[in-house]
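For reference, the structure is listed below as structure tokens.
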Amino acid sequence: MDDRRQQLYRLLAEDGREQFGPRIERVCAVCVGTLEVSGAGATVLGNGNGNGNGAGVGRHRGLVHASNPVSAGLDDLQFTVGEGPCLDAYASGGPILVPDLLAESARWPAFGPAAARLGVAAVFSFPLQVGVVRLGSLDLYRDQAGPLSRRQLSDALVLADVATQVVIGHLDGHAVSDLSWLADSHIEIHQAVGMVKVQLGVTADAALLRLRGHAFAEGATLSHVARQVVARTLRFTDEEKPA
């Protein structure tokens, strides 16, 4: 195991562009090449109080990196519908391994069919955590169904540990709920939540649920709806509340 870990570390260092350790882009690239997956992404999540125990999953959320558009789409999809392997891995603190997404269609009734339309056949998510403190997840997908081999699973756990250390480095000096350091911080979603909160006089959680419900009903992503709210082309009113 130690020899294999060293082999992975050498792979992570092969691009030679970061003297202080691998970048998250390199971790995702090694995941794709070594684990024979179609894409990889890393996401930071927080529950608003920084204890990372899974309560209030997704209250603060940001994509650190996605290796391709499908990986980015999976991140956006889970944030939109409020379910999926990334959120379950964060909430449970353990890996979520689904080698055949269609065979477990009842597990995530909203996420599953939409992910399949993106071309996703299998998903694997690993929590990024130190002890009991969870920071986010490392998320992998395949465009064909099939499990990770025993060696691939072991490698994925090592790479999740490396991704955790990379994220910790990024978080240095930031609260878990502060996503301003991310390249894609979903900042418009957080702005939209604040605007809808004021418009309806509700809590932030209720405002996020309204945004998610509208996005799902319209067949749009949460990011798209948030941009409409921030641009003031979409406004939520009391009259729109269900009876």
| field | Minimum side-chain heavy-atom gap K197-T203 below 4.5 Å | value | no
| In one Ile/Leu/Val/Met/Phe/Trp/Tyr side-chain cluster, 4.5 Å: L101, L118 | yes
| query | Are L148 and L102 linked, directly or through other ILVMFWY residues, by side chains that come within less than 4.5 angstrom of each other? | reply | no
| query | Q7 and R10: side-chain donor and acceptor closer than 3.5 Å? | reply | no
| request: Let me see the working for L97 and V123 under side-chain contact (heavy atoms from CB on, under 4.5 Å), right down to the final yes or no. | output: CA-CA 6 Å; L97 309 175; V123 289; over 6 Å; no
| Does any non-hydrogen side-chain atom of R235 lie less than 4.5 Å from one of Q199? | yes
| message | Less than 3.5 Å apart, any donor N or O on the side chain of D139 or S125 sitting next to an acceptor on the other? | response | yes
| How long is the gap from CG on L138 to SG on C86, to the nearest 0.5 Å? | 10.0 Å
| message | Are the side chains of F79 and R212 in contact, using a 4.5 Å heavy-atom criterion? | response | yes
| Rounded to the nearest 0.5 Å, how far apart are OG of S105 and CG of D100? | 9.5 Å
| message | Test of understanding: clusters of I, L, V, M, F, W, Y form through side-chain heavy atoms closer than 4.5 Å, transitively. Do V27 and V130 belong to the same one? | response | yes
| Could you give the distance from CG (L234) to CE (M195), rounded to the nearest 0.5 Å? | 9.5 Å
| query | When clusters are formed by joining ILVMFWY residues with side-chain heavy atoms under 4.5 Å apart, either directly or through shared neighbours, do F126 and I168 land in the same one? | reply | yes
| Is there a side-chain contact between P85 and V98 (heavy atoms, below 4.5 Å)? | no
| field | Side chain proximity check, L128 to V44, heavy atoms < 4.5 angstrom | value | no
| Would you say the side-chain atoms of N68 pair up with the backbone N or O of S38, donor to acceptor, closer than 3.5 Å? | yes
| request: With the side chain counted from C-beta on, respond yes when T43 and V64 share a heavy-atom pair under 4.5 Å apart, and no when they do not. | output: no
| message | Is there a path of hydrophobic side-chain contacts, each under 4.5 Å between heavy atoms of I/L/V/M/F/W/Y residues, joining L209 to L200? | response | no
| query | D161 and T164: side-chain donor and acceptor closer than 3.5 Å? | reply | no
| said: What verdict does the side-chain contact (heavy atoms from CB on, under 4.5 Å) test give for L74 and Y141, after you've listed the backbone C-alpha separation in whole Å, the side-chain angles of each residue and the deciding distance to 0.1 Å? | reply: CA-CA 9 Å; L74 285 174; Y141 84 91; 3.8 Å; yes
| message | Is any side-chain heavy atom of V70 closer than 4.5 Å to one of V120? | response | yes
Side chains of residues 106-117: which donor-acceptor partners sit under 3.5 Å, not counting sequence neighbours?
| from | atom 1 | to | atom 2 | distance (Å) |
| --- | --- | --- | --- | --- |
| R107 | NH1 | E104 | OE1 | 3.1 |
| W108 | NE1 | D88 | OD2 | 2.9 |

| Criterion side-chain contact (heavy atoms from CB on, under 4.5 Å) on R23 and H65, from CA distance to verdict | CA-CA 10 Å; R23 298 166 297 115; H65 176 72; over 6 Å; no
| Below 4.5 Å, heavy atoms only, C-beta onward: do S137 and P127 meet side chain to side chain? | no
| message | Nearest 0.5 Å, please: how far is CD in Q228 from OG1 in T233? | response | 4.5 Å
| field | Among V193, V202, V196, the one residue meeting side-chain contact (heavy atoms from CB on, under 4.5 Å) with L208 | value | V193
